[in-house]
Amino acid sequence: MERSTPTGSRPFAYGRGLRTLSICTVLAMAVALGLVFFYAPLEAEQGFLQKIFYVHVPLAIITLCGFVLGGLLAIQHLRTRDQRWDYRSYVVIHMSLIFAIGTLITGSIWAKGSWGHWWVWSEPTLVSFLIIVLLYATYQPLRFAIEDPERQARYASVFAITAGAFVPMNFIAVRLSTAYLHPRVLGSTSNLPGPMALTFLVSLLAMALLFATLCKYELTAKHARAQVRALRRRLAGDTAPGRARSAAPTLQHVGTVPARAAGRSAV
Amino acid sequence: MIPAAVLAALSPTGEIPALPLHTAGKYVAGAYIVLFVLVLVYVAIMAVRLSHIEAELGDLLSMTEHSDGEADHAPGAGREHADARDPGAPQLDERRESAPA
């Protein structure tokens with residue numbers, strides 16, 4: 001049943017469909033793990049160690065896609081000036097950064113097993129990925145450095161777009177480089193044997209679902225907290241938005257209906 | 001120690017993998033544990049946040065109960081009065097307006 005906000009506008013709920021998404025994620029992860037360990041054959045050269053790729057490569061792909069998505073959402077924010085797009089961009093980049101750390105750790109574990117070193121500085125794929133991670137590591141400090149929420153959102157969006165454009169450029173540059181020490185998986189799925197390709201695709205889907213679920217959890221939690229704070233202010237008789245210095249975007253609307261769209265001032 | 005013949009049988013091409021199972025196993029386990037730990041840490045953070053929201057909601061509930069108590073004792077304060085002011089207004093607004101500033 002649809003409920004309405006005090007102004008009669010439709011409420012926005014980030015938690016909608018969260019349960020279904022969570023169940024799908026758990027199922028996909030279980031199927032992916034089952035395929036990895038009981039269905040996919042051992043790779044001839046790397047043997048059992050190759051199983052790391054079913055977690056490492058999907059993590060890397062989703063991370064890079066997440067960074068690009070963050071840029072696209074930031075474009076939408078600059079186009080519409082709707083705070084929700086900045087909020088989504090922030091959460092997607094935040095989650096991508098967590099996935100990036102997972103990618104670096106799993107990649108290092110594989111490198112140690114395969115090459116005998118945790119990190120190889122002469123490998124362009126590793127170094128370029130680290131550059132991207134370090135670039136995005138400045139996103140949160142950038143946001144925190146700007147106190148004015150409007151300016152913070154605008155600058156963060158510009159950063160997200162610029163950095164998001166850098167990601168595919170960087171990817172192409174690495175592909176064009178001459179060193180081919182790093183195993184190529186993306187773009188060569190058709191060369192994989194059927195069971196391996198299926199396992200990889202299911203793992204990729206599971207990782208994408210995990211990313212989407214965690215982003216939705218984050219959005220819902222932050223939104224719920226913003227709503228509780230807004231309610232507290234209203235109960236205290238304080239109509240001013242009120243904001244502590246934070247890197248996270250502040251949702252100033254209880255129903256998160258953008259002020260401009262609703263034609264009224266923010267609560 | 002796993003015999004080479006067993007490992008060779010496990011490999012689809014019959015070749016012995018670069019790293020034997022007992023050596024590669026710890027790296028593979030490590031990689032999957034990293035993913036598991038990342039998700040687990042995230043769930044733990046979410047649990048802490050949820051408990052904060054729950055605590056804040058508890059505070060808000062006690063605030064509204066306190067406001068209700070004061071509104072009931074105020075002269076002339078009543079449900080009819082609040083409804084007459086704005087029948088469509090949500091309950092929280094009524095409470096806030098009824099409560100002394």
Side-chain angles (χ1 to χ4, degrees), chain A residues 4-6 8 25 29 33 36-37 41-56 58-59 95 98-99 101-114 193 195-196 207 210 213-214 217-218 220-222 224-225 227-229 231-237 239 254, chain B residues 2 7-39 41-43 45-50 52-57 59-64 66-67 86 88-93 95-97 99-101:
Chain A
S4 63
T5 57
T25 304
M29 293 296 282
L33 284 174
V36 167
F37 290 107
L42 286 178
E43 208 257 345
E45 281 182 28
Q46 296 186 38
F48 194 63
L49 191 68
Q50 188 263 347
K51 303 278 184 193
I52 292 178
F53 276 84
Y54 296 116
V55 65
H56 169 69
L59 266 175
M95 200 54 64
I98 295 170
F99 272 51
I101 292 165
T103 306
L104 284 175
I105 296 172
T106 53
S108 289
I109 292 169
W110 176 83
K112 179 66 180 169
S114 186
M196 278 188 177
M207 206 58 79
L210 180 68
T213 308
L214 294 183
Y217 266 110
E218 188 85 24
T220 310
K222 283 193 190 303
R225 204 164 176 197
Q227 283 184 312
V228 167
R229 282 179 179 169
L231 196 57
R232 181 186 282 278
R233 282 198 303 274
R234 287 181 70 173
L235 281 170
T239 51
V254 173
Chain B
I2 301 168
L7 287 171
L10 284 170
S11 176
T13 56
E15 294 173 24
I16 297 172
L19 273 181
L21 192 63
H22 68 278
T23 312
K26 63 181 180 185
Y27 293 114
V28 175
Y32 281 87
I33 285 169
V34 164
L35 179 69
F36 178 72
V37 167
L38 273 179
V39 175
V41 167
Y42 185 81
V43 169
I45 291 168
M46 291 306 291
V48 171
R49 282 184 189 170
L50 184 63
H52 286 164
I53 290 172
E54 190 187 20
E56 281 195 58
L57 279 174
D59 285 351
L60 289 174
L61 191 64
S62 62
M63 276 172 79
T64 53
H66 182 69
S67 300
D86 185 2
Q91 208 173 356
L92 286 173
D93 278 355
R95 283 171 180 166
R96 196 192 71 191
E97 285 165 19

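Chain A is the first sequence line, chain B the second, and so forth, proteins listed ahead of strands; every chain is numbered from 1.
By the 6.0 Å contact criterion, CZ on B:Phe36 is open, its count of non-hydrogen atoms from other residues, nucleotides or ligands being 12 or less.
At a 4.5 Å heavy-atom cutoff, the contact between B:Leu35 and chain A is made by side-chain atoms alone. For A:Leu214, the parts lying under 4.5 angstrom from a heavy atom of chain B are both the backbone and the side chain. Only the side chain of B:Val39 comes within less than 4.5 Å of a heavy atom in chain A; its backbone stays farther off. Looking at A:Ile98, the atoms closer than 4.5 Å to chain B (heavy atoms on both sides) sit in the backbone and in the side chain alike. Interface remark: A:Phe99 contributes no atoms to any contact with chain B (heavy atom separation under 4.5 Å). Heavy atoms closer than 4.5 Å to chain B are found nowhere in A:Gln50, neither backbone nor side chain. For B:Val28, the parts sitting under 4.5 Å from any heavy atom of chain A are the backbone and the side chain alike.
The minimum heavy-atom distance between B:Ile53 and A:Ala224, with the atom names listed, is CD1-CB, 4.0 Å.
Taking the side chain as every heavy atom from C-beta outward, B:His52 and B:Val48 approach each other to under 4.5 Å.
When each of A:Thr106, A:Ile105, A:Val55 is checked for heavy-atom pairs under 4.5 Å with chain B, A:Val55 comes out on top.
Between the B:Tyr32 side chain and the A:Lys51 main chain, a donor and an acceptor come within less than 3.5 Å of each other.
Using bins of under 30°, 30° to 60° and over 60° for the plane-to-plane angle, the ring pair A:Phe53/A:Trp110 lands in the perpendicular bin.
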- Could you walk me through whether B:Tyr42 and A:Met95 pass the side-chain contact (heavy atoms from CB on, under 4.5 Å) test, one step at a time? CA-CA 10 Å; B:Tyr42 185 81; A:Met95 200 54 64; 3.7 Å; yes
